[in-house]
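What follows is one structure encoded as structure tokens, with my remarks underneath.
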Amino acid sequence: MPISTGEFSVQVSVESIDSVRISGPRDVRRAAEAFHQIASAAGMRAAPAHDIADKRTPVDADGNILARDVFGWNDEKVWWRNSRIALDSPLTSACRFESEPFWVNASGFHTRQPNHYLTAIDLTNFETRAMTRAAIVVPVHLPFGQIGAVSFNPIDPELTELDDIFLENGDAFGVYSRTFIASYVHAMGSAQALPSGSRLSKREVECLRWAAIGKTDLEISMIMSRSRATVRFHIHNASMKLNAVNRSQTVFKAAQLGYISLAT
């Protein structure tokens with residue numbers, strides 16, 4: 001299915017999507033090379049991150065850094081060597097507030113739908129903090145709250161207005177990025193974020209709902225007409241099922257699984 005036509009256009013087909021899909025660790029290098037070719041054909045260079053909160057960057061089955069060995073980020077000062085980029089870069093900040101592709105330069109964020117959270121992000125000293133003059137960015141929101149991202153940066157360093165390229169290729173970049181990052185995380189994840197079979201009981205969920213809004217064990221026991229020990233028992237059981245180390249993490253993981261809401 002062609003996304004568009006023009007000098008900076010890419011196409012989406014079942015075959016091309018499968019080319020960036022990873023079934024196991026040995027597929028990583030091949031999929032990364034295919035992804036690199038797709039980005040290059042559109043005049044862009046991809047910068048993939050499987051977890052914007054993780055200092056590590058995607059690697060192949062032998063531990064080789066894809067950013068350097070496949071995507072061509074070989075400069076002395078590159079994004080994947082910056083341990084503070086998750087906190088400093090406006091690109092990663094925006095991925096926490098947006099789930100659809102967008103493009104950005106020093107003048108601001110550009111999205112298909114307005115997002116007032118992005119307009120509030122500080123773009124002071126943009127090029128230094130973002131380590132690019134302009135980029136198309138695809139946030140990849142994964143299970144258990146993990147956020148990946150792929151930044152597409154113009155090969156031409158003088159190109160800072162990306163509106164036309166974004167309108168032509170933003171959706172295609174989104175398909176390829178989500179396929180590559182999601183399958184990479186599935187194939188290379190060494191441990192599950194939450195254990196399988198972590199089904200909470202009705203009473204456990206009820207206790208955690210009250211705990212989430214700040215109620216103590218004593219207050220929950222009075223609300224539910226149960227003993228304080230019973231409330232503690234339910235919350236402890238929930239923490240064991242969710243492999244949580246304390247009350248706060250139990251509530252957080254229960255919210256990740258959709259058992260409770262943290263909305264105020």
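All values below were derived from every heavy atom in this structure, side-chain atoms included, with hydrogens, water molecules and symmetry-related copies excluded.
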Quick test of your reading of the model: are Asp62 and Arg26 salt-bridged, counting only N-O distances below 4.0 Å?
yes
Phe152: which of Phe173, Phe166, Trp103 passes side chain to side chain contact (heavy atoms under 4.5 Å, CB included):
Phe173
Between Thr119 (side chain only) and His116 (backbone N and O only), is there a donor and an acceptor less than 3.5 Å apart?
yes
For the backbone of Arg232 and the side chain of His234, can you confirm whether one donor and one acceptor N or O come within less than 3.5 Å of each other?
no
Flag the pair Arg29 / Asn64 as yes when at least one side-chain heavy-atom distance between them is below 4.5 Å, and no otherwise.
yes
For a ring pair (Phe, Tyr, Trp, His ring centres under 6.0 Å) with Phe109, tell me which candidate from Phe126, Tyr117, Phe97, Phe102 qualifies.
Phe102
Mind running side chain to side chain contact (heavy atoms under 4.5 Å, CB included) on Val205 and Lys202 for me, showing each step along the way?
CA-CA 5 Å; Val205 171; Lys202 179 180 177 180; 5.9 Å; no
Does a donor on one side chain and an acceptor on the other come within less than 3.5 Å for Thr160 and Asn105?
no
Just by distance, with hydrogens left out, do Tyr176 and Ser16 show a side-chain donor and acceptor under 3.5 Å apart?
yes
Take Tyr184 and His50, measure what side chain to side chain contact (heavy atoms under 4.5 Å, CB included) needs, and give me the verdict at the end.
CA-CA 7 Å; Tyr184 174 86; His50 65 290; 3.7 Å; yes
What do the steps show when you test Asp122 against Arg129 for side chain to side chain contact (heavy atoms under 4.5 Å, CB included), and what is the final call?
CA-CA 10 Å; Asp122 180 19; Arg129 294 168 56 219; 4.2 Å; yes
Spell out, as yes or no, whether a donor-acceptor pair under 3.5 Å connects the side chain of Ser93 to the backbone of Pro90.
no
Test your reading of the model: is there a side-chain donor-acceptor pair from Arg133 to the backbone of Pro157, 3.5 Å cut-off?
yes
Can you check side chain to side chain contact (heavy atoms under 4.5 Å, CB included) on Val104 and Thr132, steps first, answer last?
CA-CA 10 Å; Val104 59; Thr132 186; over 6 Å; no
One thing to verify: whether Arg247 and Asp217 come together as a salt bridge, which I'm taking to mean a side-chain N less than 4.0 angstrom from a carboxylate O.
yes
